[in-house]
Amino acid sequence: MGRRKIEIEMVKEPNTRQVTFSKRRTGLFKKANELSILCGAEVAIVVFSPGSRPYSFGHPGVDVVAAKYLQQETEPSDFQENPSSGAPGIEKLNIELGEVLTQIREGEKQAETHDEILNQNDVTKLSELKELRDSYKELQDWIKLRLSDIEISGYMMLLAQDPVVGIKAKSAKRRRRKN
């Protein structure tokens with residue numbers, strides 16, 4: 001059973017009207033979303049329910065599209081004839097683009113001067129870093145030696161305080177077992 005064609009007229013029963021509104025609203029918003037995605041259009045829809053509750057959909061946003069529509073100075077017929085001449089904000093965007101490009105060029109020039117300074121200092125810093133690395137390795141080796149000396153002297157002190165007596169006792173037990 002396919003869809004049947006209904007006559008377009010106001011739905012008389014309030015509950016049915018509300019249900020119809022909810023279903024049609026979601027379908028309308030879905031179509032507006034598809035239109036904005038497929039065509040890249042900026043879309044704004046504001047709908048009031050039978051209970052006077054507002055519902056809205058907008059891409060990129062209802063406020064953005066409404067502000068753009070309200071600030072439009074040219075007539076729609078003029079805009080269709082020459083779309084590039086009456087496009088609002090293009091000149092402003094071009095000016096901003098030029099400013100950004102000059103900032104990028106200035107940044108690149110500063111980066112080049114910083115690179116030159118770093119390259120001059122790298123030679124001296126590199127040799128200093130190598131010397132520092134070598135002295136660090138020497139210090140590390142010296143500390144390892146001293147730690148092992150301290151560890152050995154600690155063991156010697158323990159042996160001096162408490163000599164190992166169990167070695168003689170074990171050999172005596174072995175002799176007894178053999179006998």
Exercise for the section: Could you list the residues that satisfy ring pair (Phe, Tyr, Trp, His ring centres under 6.0 Å) with Y55, not counting sequence neighbours? Expected result: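 Scan of Y55 (ring pair (Phe, Tyr, Trp, His ring centres under 6.0 Å), adjacent residues dropped) gives F21.
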Practice task
State which residues pass salt bridge (Lys or Arg N to Asp or Glu O under 4.0 Å) with E96; sequence neighbours excluded, sorted by chain then number.
Solution key: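 Result, salt bridge (Lys or Arg N to Asp or Glu O under 4.0 Å) vs E96: none returned.
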Practice task
Using the side chain to side chain contact (heavy atoms under 4.5 Å, CB included) rule, take E42 and K68 through it: C-alpha gap first, then chi angles, then the decisive distance, then the call.
Solution key: CA-CA 10 Å; E42 294 180 356; K68 190 171 182 179; 3.3 Å; yes
When rounded to the nearest 0.5 angstrom, what is the spacing between [atom1] in [X] and [atom2] in [Y]?
X	Y	atom1	atom2	answer
L28	N33	CG	CG	11.5 Å
E138	D134	CD	CG	7.0 Å
M10	T20	CE	OG1	11.0 Å

Handout entry: Heavy-atom check, side chain of Q18 versus side chain of P14, under 4.5 Å
Key =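 No; the side chains remain at least 4.5 Å from each other.
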Problem - Close side-chain approach of P60 to V65, heavy-atom, < 4.5 Å - result: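 Counting from C-beta outward, P60 and V65 do come under 4.5 Å.
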Verify same cluster id: [X], [Y] (apolar side-chain graph, 4.5 Å):
X	Y	answer
V47	V43	yes
F57	L35	yes
V62	F48	yes

Practice task
For atom CD of E7, decide whether the heavy atoms of other residues, nucleotides or ligands shown that lie under 6.0 angstrom number more than 12.
Solution key: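 Check fails, neighbour count at 12 or below.
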Practice task
Mark yes or no for whether R17, through its side chain, and P50, through its backbone, hold a donor-acceptor pair below 3.5 Å.
Solution key: no
Problem - Under 3.5 Å donor-acceptor, S49 side chain and R53 backbone - result: yes
For residues 140-154, which side-chain N or O atoms pair as donor and acceptor with protein atoms under 3.5 Å away, sequence neighbours left out?
from: R146; atom 1: NH1; to: D149; atom 2: OD2; distance (Å): 3.0
from: S148; atom 1: OG; to: K144; atom 2: O; distance (Å): 3.4
from: S148; atom 1: OG; to: L145; atom 2: O; distance (Å): 2.8
from: S153; atom 1: OG; to: D149; atom 2: O; distance (Å): 3.2
from: S153; atom 1: OG; to: I150; atom 2: O; distance (Å): 2.8

